A.B. asks: 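Right, I'll just put the structure down here and ask away after.
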Amino acid sequence: MTAPEQTTKAKLMELERRRAAALAGAGPEAAARQHARGKLTARERVEALLDPGSFMELDRYRVHRSQDLPQRIPGDGVITGHGTIDGRLVYLYAHDFTVFGGSL
């Protein structure tokens, strides 16, 4: 049996791994292709639109249930949440074109 500290540490490490995977989207190469086209990634668009530090993401770790798609990317290419613009609460979503071409 493992000590509670090790169990907690392992769980925190897994959560950090999942967070990093979700924030990476389809990876740095896909983001570089967007930038080469003069476009921002979905996360960059959200950050540019909202007041700094106000974004609260929802369903960051959600993945599709399809057995036909080879990739399982956290968030499935749609960033959803809420934040503020000039102090006013807004809800938003952004399709990440680096993941599945932005399709749902």
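Residue numbers count from 1 along this sequence. All heavy atoms count here, side chains included; hydrogens, waters and symmetry mates do not. Note that the structure is predicted; figures quoted are calculated from it, not measured.
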A.B. asks: Cut-off 3.5 Å, side chains only: do Thr84 and Asp51 have a donor facing an acceptor?
C.D. replies: yes
A.B. asks: How would you list, by chain and number, every residue that makes a side-chain contact (heavy atoms from CB on, under 4.5 Å) with Leu49, sequence neighbours excluded?
C.D. replies: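 Leu49: side-chain contact (heavy atoms from CB on, under 4.5 Å) contacts with Ile85.
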A.B. asks: Can you list the residues that meet the side-chain hydrogen bond (donor to acceptor under 3.5 Å, both in side chains) rule with His35, with sequence neighbours excluded?
C.D. replies: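 Checked His35 against side-chain hydrogen bond (donor to acceptor under 3.5 Å, both in side chains); matches are Glu44.
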A.B. asks: Determine the minimum heavy-atom distance between His95 and Val78, stating which atoms define it.
C.D. replies: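 Closest approach of His95 to Val78, heavy atoms only: ND1-CG2, 3.9 Å.
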A.B. asks: Hey, could you give me the CE/OG1 distance between Met13 and Thr8, rounded to the nearest 0.5 Å?
C.D. replies: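 Met13 CE to Thr8 OG1: 12.5 Å, rounded to 0.5 Å.
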A.B. asks: Please list, chain by chain and in numerical order, all residues satisfying side-chain contact (heavy atoms from CB on, under 4.5 Å) with Glu29, sequence neighbours excluded.
C.D. replies: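 Testing Glu29 for side-chain contact (heavy atoms from CB on, under 4.5 Å), a comparison that skips the adjacent residues, returns Arg33.
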A.B. asks: To the nearest 0.5 angstrom, please state how far the CZ atom of Arg19 sits from the CD atom of Glu57.
C.D. replies: 10.5 Å
A.B. asks: Considering only heavy atoms from C-beta outward, does the side chain of Arg18 approach that of Arg60 to under 4.5 Å?
C.D. replies: no
A.B. asks: Closest heavy-atom contact between Thr41 and Ala31?
C.D. replies: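 For Thr41 versus Ala31, the nearest heavy atoms are CG2-CB, 3.8 Å.
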A.B. asks: Go through the structure and list residues passing side-chain contact (heavy atoms from CB on, under 4.5 Å) with Leu89, not counting sequence neighbours.
C.D. replies: His82, Tyr91
A.B. asks: Salt bridge or not between Glu14 and Lys11? Use side-chain N to carboxylate O under 4.0 Å.
C.D. replies: no
A.B. asks: Restricting to side-chain hydrogen bond (donor to acceptor under 3.5 Å, both in side chains), what partner residues turn up for Arg45, sequence neighbours left out?
C.D. replies: none
A.B. asks: How many angstroms lie between atom CG of Leu50 and atom CE of Met56, to the nearest 0.5 angstrom?
C.D. replies: 12.0 Å
A.B. asks: Enter the distance from Ile79:CD1 to Asp59:CG here, rounded to the nearest 0.5 Å.
C.D. replies: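 Ile79 atom CD1 to Asp59 atom CG measures 12.5 Å (nearest 0.5 Å).
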A.B. asks: Tell me, please, which residues at least two apart from Arg88 pass side-chain hydrogen bond (donor to acceptor under 3.5 Å, both in side chains).
C.D. replies: none
